[in-house]
Amino acid sequence: MTHLESQIGRSSLPQDKDGIDEGSLESVMREVPRGAMALAGTAVALLTVGWVAIYLFVFVPRGVVG
Amino acid sequence: MAESADAQERHILATELRWSAMVAVLVAAILSVVVYTAISVGINPPSNVERIDPKSLHLTGEFAEHNLGTSVAADGAITARMVATQFAFVPRCIALPSGKPVTLRFASPDVVHGLLITGTNVNTMVVPGYIAQVHTVFTQTGDLLMPCHEYCGLGHSEMWAVVQVVPEKEFKPASDGRASCEKR
Amino acid sequence: MRSVDRLCLAHFRVAFAAFLVAAILGTWQMWVRSPLGASVGDPDIYFLSVTAHGASMAYVLTTFFIMGFGYFVAETSLGRALPGRAWAWLGFWIALIGTLMAVATILSGRASVLYTFYPPMTANAFFYIGLVLVVVGSWVWCVLMIVAMTQWKGENPGAAVPLAMYGTVANAILWLWTTVGVAAELLFQVIPAALSWVQTIDAGLARTLFSWTLHAIVYFWLLPAYIAFYTMVPRAAGGRLYSDTMGRLTFILFLIYSLPVGMHHLFMDPEHGNAFKFIQMLLTAFVAVPTLLTIFTISASMEVAGRLRGGRGLFGWIGALPWDRPMVLAAGLSFVMLGFGGGGGLVNMSYGMNAMIHNTAWVTAHFHLIFGGTVVIMYFAIAYEIWPRLIAREYASVAPLRRQLWLWFIGMMVMTLPWHWLGLQGQWRRVANFNYADPIIASWGPWVTVSFVGGLMLLISALLFARNLFALHQSAIAGGQGPFYALAIHPPKRVPAALNGFGLWNVLVAVLMLAAYGYPIAQFIVAPSPSAMVHRVE
Amino acid sequence: MAESNALDQPWRIWASVAVVTILLTGVLLGAIIVPIVQGRGAGLDAYTAICRALGLLPGSPAQVQPQDRTPPSPVSQVSWTPAILKVLAGGDVERGRAKVMEVCVACHGEQGVSPTPAVPHLNGQSAAAIYKQLHDYRTGSRVNEQMTGIAQALDESVIADVAVYFAGQRKRNPNPASLGALPSEIVDLVVHGDTVRGLPPCAGCHRTGSGGPIETPILSEQGDDYLVQQLQLFASDKRRNDVYGRMRSISARLSPEEIKGLAAYYRAGFR
C-alpha cells in the first residue's frame with residue numbers, strides 16, 4: 001500500500017477480504033473486550049456520576065418545582 | 001487451543017449481554033432518582049391542563065388587569081398572576097417571598113410565550129388556550145430576571161420582567177392581600 | 001462508475017451548499033448577540049437568519065445528505081443497481097424545488113417564524129409548502145430503500161441483509177413514521193391558516209403534532225453516523241466489527257424508542273398531564289440504551305484494530321490506532337462530542353429537571369454538540385470517504401482533511417462548553433440583542449464572546465471542508481476504488497427474521513405510539529381547547 | 001431455512017414482552033403510583049390525583065389548586081374572533097361612503113385626511129383598528145366629547161362599512177424626508193426598541209405583517225400632533241383602552257423628546 005493509501009485505509013483487496021490473518025485475530029480476541037469494557041465503562045460511569053451531581057447539587061437546591 | 005468459532009460468538013454475545021445489563025442498571029438508577037424526588041418532595045414538570053379562551057382573556061375576572069400581580073389569599077396561599085402578551089409581561093415586576101410555597105399562573109391572549117426565572121427552577125411555556133401554572137419555593141433572594149424564552153415576534157428580545165424575591169419576614173402584603181415591587 | 005454516482009453527487013452538493021450558507025449565517029448570529037455586535041441586532045434580519053440557519057441545517061443538509069448516502073449504500077452494500085433510479089431523480093427534483101421555494105420565502109422576509117414554526121404565528125404559505133415538498137421528495141427515497149432491500153431478500157432467500165443496508169432501511173422506516181406528525185400539522189392546521197382558509201389555530205394540538213416529529217427527526221439525522229460507526233470505521237481502522245447482531249439491535253432500538261418520546265420537548269407545556277410526560281420520559285431513558293450499546297461495541301471493534309496493530313495493555317490499543325486516517329479521527333472526535341452532548345441530553349430528559357434548563361443555552365449546546373458535532377463530523381468523514389469513489393479521483397494528501405476535522409471539533413467544544421454554563425445561569429434563547437447593561441446579563445458577556453470565537457473556528461472549518469472537496473475535484477490522481485464496508489468477526493450466517501426485517505418492530509412501534517400519543521392527541525378532538533387567532537408574519 | 005425459523009418465535013415473544021413490560025412500568029409509575037403518593041401529600045384522593053395526572057382535571061397532583069372569583073373589569077369589550085373578522089370582511093364600501101359623507105366628513109375629511117391637527121387621519125388605516133376604536137367609543141372604554149355620541153349611534157354593520165371605506169382610501173404620498181435626516185436614536189427605537197428599558201421596537205407591532213396584535217393601528221403618515229397627544233394620554237393613564245396596558249406602559253417610559261421624534265418619524269411616512 002502506498003503511504004497515501006495507508007493514510008486513507010484503502011486497499012486493492014475485494015470487498016469480502018480485509019487482509020487480517022485469522023491467527024493474529026485469534027490471539028487478539030483472547031483479551032479484546034477488556035479494554036473496551038474499561039473505556040466505555042469509565043465513560044458511562046462518569047456520565048452517571050455527573051448526572052447525579054447535577055441533579056443533587058445544582059437542580060434540587062434551586063427549589064422544588066411542580 | 002483456539003476456541004471454536006461458535007464458542008467465541010457466544011462469548012461475544014455474553015459480553016454484550018453483560019454490558020446491556022450494566023446499562024439497564026444505570027438507566028434504572030437514573031429513573032429511580034427521578035421517581036424518588038417526584039414522590040418525596042413532589043418534583044414534576046409544571047403541568048396544568050386548565051383551558052381558557054385567549055381571544056377573550058381580557059374579559060375574564062382572574063386575568064383582569066387589576067387582578068394581576070401577587071396576591072395572598074385568606075388561607076395564606078400566595079399566588080402571582082401574570083399575562084404574557086406581545087411584547088411584555090403584565091405587570092412588569094412582581095414581588096414574592098423566599099422559603100414559602102408560591103404558585104405562579106400565566107396566560108397569553110395572543111401567541112406562544114415562555115418564561116424562566118434566572119437561577120431558579122421556575123420555567124414554563126405559556127400556550128394560548130391554557131393557563132400555565134408553576135408551584136415552587138424560592139431558595140434565593142434578590143431581583144431575578146424573568147425573560148420570555150420563546151420566540152413570539154419582533155419584540156421577543158425586549159420582553160422581560162423582574163421578580164423581586166424578598167426574605168420571608170420582609171414580605172408584607174397590603175391589607176387587600178396584594179404585594180407589589182418596591183421601586184429600587 | 002456506479003449508476004448512482006451522479007445521483008449521490010447531486011444530493012451531496014445541495015446538502016453541503018445549504019450547510020455552507022447556514023454556517024456563515026450562524027457565525028453572524030453569534031457575533032450579533034455577543035457584546036461585540038450588541039448594537040447591530042436588527043430583529044427583522046436576525047430572526048430571518050435564525051429561520052434560514054435552522055431550516056438549512058435541519059431540513060436541507062440532513063435530508064439531502066441522508067438520501068444521497070442511502071442511494072450509495074443501497075447500490076454498494078447490496079451489490080446490485082438501485083431500482084427506480086428515475087423515481088430517485090424525481091424525488092430529488094421535488095425536494096430541490098421545495099427547498100428553493102422555502103429559501104426564497106425566508107429571504108423575502110415572509111417566513112421569520114423559525115424552523116419550528118410556533119403557530120399561532122403564521123408565515124407565508126409557500127414556506128410551508130416548500131418544506132412539505134422536501135418531505136414528499138424524501139418519501140420517494142424511503143420507498144426506494146425498502147424496495148431495494150425487499151428485492152435483494154427475494155434474490156437471496158434466508159441470507160442476512162448487509163448491516164449498512166439494514167440500518168439505512170431502519171432509518172427510512174423511522175422517517176416515514178415520524179413525518180406523519182409534521183405533515184399532519186402543516187397540511188391540516190398551518191397551511192390552511194397561512195392561506196387564510198381559517199382564522200384560528202389550535203396551538204396545543206400543533207405543538208403536540210410537531211413534538212411527534214421533533215425527536216425522531218434527530219435520530220433520522222443521527223443514523224447515518226451510526227451506520228458509519230458500525231460499517232465503515234472498523235475497516236478504516238484496520239479491524240473488524242465486534243458484533244453484527246448488536247448493530248442490528250441498535251438500529252431496531254432506535255426505531256422503537258425514538259418515536260414515542262417526542263413529548264420530552266413539551267415537558268414545560270401546560271396542555272399535557274404529568275402521567276404522559278412521565279411515560280414518555282421513561283421511554284426516552286430507553287432511547288439512551290442503543291447509544292450506550294454502540295459506545296461499547298465500537299470501542300471493542302477499535303480495540304481489535306488497535307491490538308492487531310500492536311497495542312498492548314488495557315488502553316495501549318487506543319494509541320496504536322491509525323489516527324491519521326480521516327474516518328478514524330472523525331469517529332474518535334465524534335465519540336468525545338457524543339459524551340458531552342449525551343450528558344446534556346440526560347439532563348434535558350429528566351422530568352422535573354428539564355425546568356432548570358428548558359429553552360436556555362444549555363439546550364442549544366446539547367443539540368449543537370450532538371447534531372452539529374457528533375453527526376456533522378461523521379457527515380464530513382462519510383463525504384471524504386465516498387466523494388473519491390463518485391468522481392474516481394484521489395486526494396493528493398489527507399493532512400488538510402485532518403486539520404479540517406480537528407478545527408471542527410475544537411470549534412464546537414469552544415462554542416458549546418460556555419453555553420452549558422450560560423444555560424445554567426438562565427441565558428434564554430433566540431435573542432436578537434441582549435441588554436448587557438443588566439448586571440446578570442453583563443456577567444454572561446465574556447462567555448458569549450468565547451463561544452463566538454468557537455463559532456469563528458467552525459466557520460473556517462466549514463470553508464476548509466469546501467476547499468478540500470474542491471481540491472479533490474482538481475486532483476489529477478486517479479483512484480477512489482477499494483472496499484470500505486467492515487467485516488464482522490462473525491459474519492451473520494443465519495439471522496432470525498426479526499433481525500432481518502421490520503414487520504415485528506412496526507407493530508411494536510404502533511403499540512407504543514398508541515399508548516404514548518393516543519390520548520394526548522385525542523384530547524384535542526374529545527375536549528377541544530379554545531383556539532388562538534392567527535398572527536400573520538408576512 | 002427451518003433453523004432460522006426456529007429462532008424467529010423466541011425473538012418475536014421476547015421482544016414483545018420486553019417492550020410491553022417497559023411500557024407498563026411507565027404507565028404504572030406515571031399514571032398510578034406517583035400521582036397517588038403525591039396526591040396524598042396535597043390532601044387529594046386517588047381518583048382526583050390520577051385525573052389531574054392524566055390531564056382530565058386541571059391542577060397538579062401534588063399541589064392544592066388556587067381558586068379565584070375576581071369580577072371582570074375589561075378595558076375594552078372588543079375580543080377578536082373569526083365572527084368579527086367576517087363582519088369586517090362583509091363591510092360595504094358604498095354604504096360606508098354614504099355614512100362618512102353624512103357623519104364623519106366634517107372632521108375627518110372625505111378621504112379621511114383631516115384638516116385639523118387634533119383629529120387623526122383615517123385614510124389607509126387598518127379596518128380592524130378603526131373597528132376597535134369605534135367599538136371602544138361606543139362602550140365607553142375610550143371617551144371623547146364628539147366621538148362617544150357618534151359611535152353610540154352606529155350599529156355593528158355600519159361600523160364595519162365605515163372601517164372598510166376608510167381602509168380603502170389610498171395613503172397620500174408625501175415625499176418622505178430620507179431616513180438619514182431623522183435622528184438615529186429615533187430610528188433605533190422604531191427598529192430595535194431599547195433592551196435596557198425593555199421597550200419593544202415600534203415596528204414589532206405597528207408595521208403591517210409584523211405578526212403583532214390584530215387591532216394595532218397603522219401610524220405611517222399620521223398627524224404628529226395627534227400622535228403626541230395620544231402618547232401623552234396613554235402615559236398619563238387618561239386613555240386606557242389599550243388591552244393589558246401595552247401602550248400605557250411603553251409611553252410612560254418614553255421621554256418627551258422621544259415622543260416628538262417618533263411622531264415626526266411616522267408623520268414623514270415611514271413604515
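Throughout, a chain's letter reflects where its sequence line sits, starting with A, and its residues are numbered from 1.
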Looking at [options], which has the largest count of heavy-atom pairs under 4.5 Å with chain B?
{"options": "C:Leu346, C:Val537, C:Thr297", "answer": "C:Thr297"}
{"options": "C:Gly273, C:Ser529, C:Gly426", "answer": "C:Ser529"}
{"options": "C:Val431, C:Asn354, C:Thr245", "answer": "C:Val431"}
{"options": "C:Leu293, C:Ile441, C:Leu424, C:Val534", "answer": "C:Leu293"}
{"options": "C:Phe47, C:Phe267, C:Tyr46", "answer": "C:Phe47"}

Looking at chain C, which one of [options] has the largest number of heavy-atom pairs inside 4.5 Å, strictly under?
{"options": "B:Ser20, B:Pro46, B:Gly119", "value": "B:Pro46"}
{"options": "B:Thr120, B:Val49, B:Val134", "value": "B:Val49"}
{"options": "B:Ala132, B:Pro147, B:Cys148, B:Gly155", "value": "B:Pro147"}
{"options": "B:Leu145, B:Thr37, B:Ile43", "value": "B:Leu145"}
{"options": "B:Asp53, B:Thr124, B:Asn44", "value": "B:Asn44"}

Check whether [X] gets within reach of chain B through its side chain, its backbone, both or neither, counting any heavy atom under 4.5 Å.
{"X": "C:Phe278", "answer": "side chain"}
{"X": "C:His272", "answer": "backbone"}
{"X": "C:Tyr242", "answer": "both"}
{"X": "C:Ser531", "answer": "both"}
{"X": "C:Met356", "answer": "both"}
{"X": "C:Pro290", "answer": "neither"}

**OP:** Output yes when B:Glu150 and C:Arg430 qualify as a salt bridge under the 4.0 Å nitrogen-oxygen rule, no when they do not.
**Re:** yes
So for [X], is it side chain, backbone, both, or neither that comes closer than 4.5 Å to the heavy atoms of chain C?
{"X": "B:Val112", "value": "both"}
{"X": "B:Leu31", "value": "side chain"}
{"X": "B:Ile131", "value": "backbone"}
{"X": "B:Leu154", "value": "both"}
{"X": "B:Val111", "value": "both"}
{"X": "B:Asn121", "value": "both"}
{"X": "B:Leu115", "value": "neither"}
{"X": "B:Leu116", "value": "side chain"}

Closest non-hydrogen atom pair, [X] against [Y]:
{"X": "B:Arg51", "Y": "C:Pro530", "answer": "CB-CD, 3.8 Å"}
{"X": "C:Gly204", "Y": "B:Val127", "answer": "N-CG1, 4.1 Å"}
{"X": "C:Met349", "Y": "B:Ile30", "answer": "CE-CG2, 4.2 Å"}
{"X": "B:Met125", "Y": "C:Pro270", "answer": "O-CD, 3.7 Å"}
{"X": "B:Ile12", "Y": "C:Ile489", "answer": "CD1-CG2, 4.2 Å"}
{"X": "C:Tyr351", "Y": "B:Ala38", "answer": "CE2-CB, 4.4 Å"}

Original post:
Is the number of heavy atoms from other residues, nucleotides or ligands under 6.0 Å of C:Lys493 NZ greater than 12?
Top reply: yes
Original post:
Got a sec: does the CH2 of C:Trp444 have more than 12 other heavy atoms crowding it under 6.0 Å?
Top reply: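 Enclosed.
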Subject >> B:Thr118 and C:Gln425 side chains, donor-acceptor separation under 3.5 Å >> reply: no
**OP:** Scan side-chain atoms only and decide if B:Ser47 and C:Asn274 contain a donor-acceptor pair under the 3.5 Å cut-off.
**Re:**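 On atom types as modelled, these side chains qualify, holding a pair under 3.5 Å.
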Original post:
Heavy-atom distance under 4.5 Å between the side chains of B:Met22 and C:Phe296, does that happen here?
Top reply: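 SC-SC contact between B:Met22 and C:Phe296 ruled out.
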Original post:
Sub-3.5 Å donor-acceptor pair from the side chain of B:Trp160 to the main-chain atoms of C:Asn435, do we have one?
Top reply: no
**OP:** Could you check whether the rings of C:Phe524 and B:Tyr130 sit parallel, tilted or perpendicular, using 30° and 60° as the cut-offs?
**Re:**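 Rings of C:Phe524 and B:Tyr130: perpendicular, as their planes differ by over 60°.
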Subject >> Derivation and outcome, side-chain contact (heavy atoms from CB on, under 4.5 Å), residues C:Trp428 and B:Met146 >> reply: CA-CA 10 Å; C:Trp428 66 103; B:Met146 183 169 95; over 6 Å; no
Subject >> Atom pair NE2 (B:His149) and CZ (C:Arg429), whose distance is rounded to the nearest 0.5 Å >> reply: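 Here the rounded value is 10.0 Å.
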Original post:
What distance separates C:Met533 CE from B:Lys55 NZ, expressed to the nearest 0.5 Å?
Top reply: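 Nearest 0.5 Å value for the CE-NZ distance: 7.5 Å.
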